[in-house]
Amino acid sequence: MKNTKEPRYLGSKSKIQNSPDNFILDTVKNPHPDEDYCVRFTAPEFTSICPITSQPDFGNFIVDYVPNKKIMESKSFKLFLFTFRNYGGFHEDCTIKVAKKIIKYISPKWIRVASYWNPRGGIPIDVVFQRGKRPKNVYVEELDIPNYSGR
């Protein structure tokens, strides 16, 4: 096993895990802990499974956060999102689970996780989770509703 202080996924072939619950998210030391700034990750092809019908659900996730001592390593985050492909969870569950995992590993000063789900049955569902106080001196792009059918 790699040293836990080094990213475990970056630079190596990665096996896709099948559960978000046990996934270990890699972090990196914030290169500018003396500055407040916003980091945005956008995942337009998020996939999970409806826990009742087993039908696939597709969504667009936007994660904004103001780092504290650590930042999230992007390949690790991508692999974490892949673990939802066979996960049976409602939209709210998936959104909050993503947010809590990020909070657990990087303890950001502020975080917002927004998910915009493609319609099934004619109803799109949007879920927004936010925690912490956004520093006033940090620019954070406003959330735009992604362009998808059904709106």
Side-chain angles (χ1 to χ4, degrees), residues 1-51 56-118 124-148 151:
M1 178 182 237
K2 286 185 176 182
N3 181 343
T4 57
K5 294 182 181 184
E6 297 290 325
R8 71 187 90 253
Y9 309 106
L10 193 61
S12 63
K13 191 170 183 174
S14 303
K15 180 182 175 193
I16 304 299
Q17 297 180 25
N18 46 351
S19 171
D21 295 325
N22 300 324
F23 192 89
I24 298 170
L25 196 59
D26 277 346
T27 65
V28 178
K29 185 178 175 186
N30 182 355
H32 299 282
D34 57 326
E35 299 289 340
D36 284 338
Y37 59 96
C38 183
V39 177
R40 173 170 277 190
F41 284 90
T42 304
E45 297 178 343
F46 185 91
T47 306
S48 65
I49 302 293
C50 174
D57 286 315
F58 303 97
N60 183 351
F61 271 63
I62 299 172
V63 176
D64 292 308
Y65 72 92
V66 175
N68 200 351
K69 294 177 183 177
K70 298 177 184 177
I71 58 175
M72 191 165 45
E73 194 280 311
S74 61
K75 181 178 180 184
S76 173
F77 182 61
K78 175 183 76 170
L79 294 172
F80 170 56
L81 295 183
F82 284 174
T83 66
F84 284 87
R85 289 187 173 184
N86 293 313
Y87 176 75
F90 291 113
H91 303 331
E92 299 83 354
D93 177 41
C94 293
T95 304
I96 303 305
K97 195 173 281 286
V98 167
K100 286 185 173 183
K101 182 72 73 170
I102 296 169
I103 291 166
K104 176 180 178 180
Y105 283 92
I106 67 168
S107 301
K109 294 179 183 178
W110 172 81
I111 187 170
R112 176 178 63 200
V113 176
S115 61
Y116 302 93
W117 297 84
N118 290 355
I125 297 175
D126 304 335
V127 182
V128 179
F129 172 91
Q130 182 172 300
R131 182 176 289 172
K133 188 172 182 180
R134 184 172 78 186
K136 293 180 181 181
N137 60 331
V138 175
Y139 172 77
V140 178
E141 191 172 328
E142 292 302 319
L143 293 174
D144 286 333
I145 297 173
N147 185 14
Y148 55 79
R151 287 237 176 252

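- Across all non-hydrogen atoms, the minimal contact from V140 to R112 is CG1-NH2, 3.3 Å.
- Counting heavy atoms from C-beta outward, Y116 and F58 have side chains that stay 4.5 Å or more apart.
- A donor-acceptor pair is defined here as one N or O able to donate and one able to accept, closer than 3.5 Å; no such pair exists between the side chain of K101 and the backbone of F80.
- For residues 38-51, the set of pairs meeting the side-chain hydrogen bond (donor to acceptor under 3.5 Å, both in side chains) definition, not counting sequence neighbours, comprises R40-D64.
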- Would you sort out whether F82 and F46 count as a side chain to side chain contact (heavy atoms under 4.5 Å, CB included), showing the intermediate values? CA-CA 8 Å; F82 284 174; F46 185 91; over 6 Å; no
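- For the pair Y65 (side chain) and I106 (backbone), a donor-acceptor distance under 3.5 Å is absent.
- In this view, Y105 satisfies the ring pair (Phe, Tyr, Trp, His ring centres under 6.0 Å) rule with no residue, not counting sequence neighbours.
- For P135, the side chain to side chain contact (heavy atoms under 4.5 Å, CB included) partners at least two apart in sequence or on another chain are D36, V66, W110, N137, V138.
- The two atoms that bring A114 and L143 nearest to each other are CB-CD1, 3.7 Å, heavy atoms only.
- Side chain to side chain, Y87 and D21 fail the donor-acceptor criterion of an N or O pair below 3.5 Å.
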- Message: Assess the residue pair V127 and F90 against the criterion (side chain to side chain contact (heavy atoms under 4.5 Å, CB included)); give the C-alpha distance rounded to whole Å, side-chain angles, the decisive distance to 0.1 Å, and a yes or no.
- Response: CA-CA 11 Å; V127 182; F90 291 113; over 6 Å; no
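- Heavy-atom minimum distance, I102 versus P108: O-CD, 4.3 Å.
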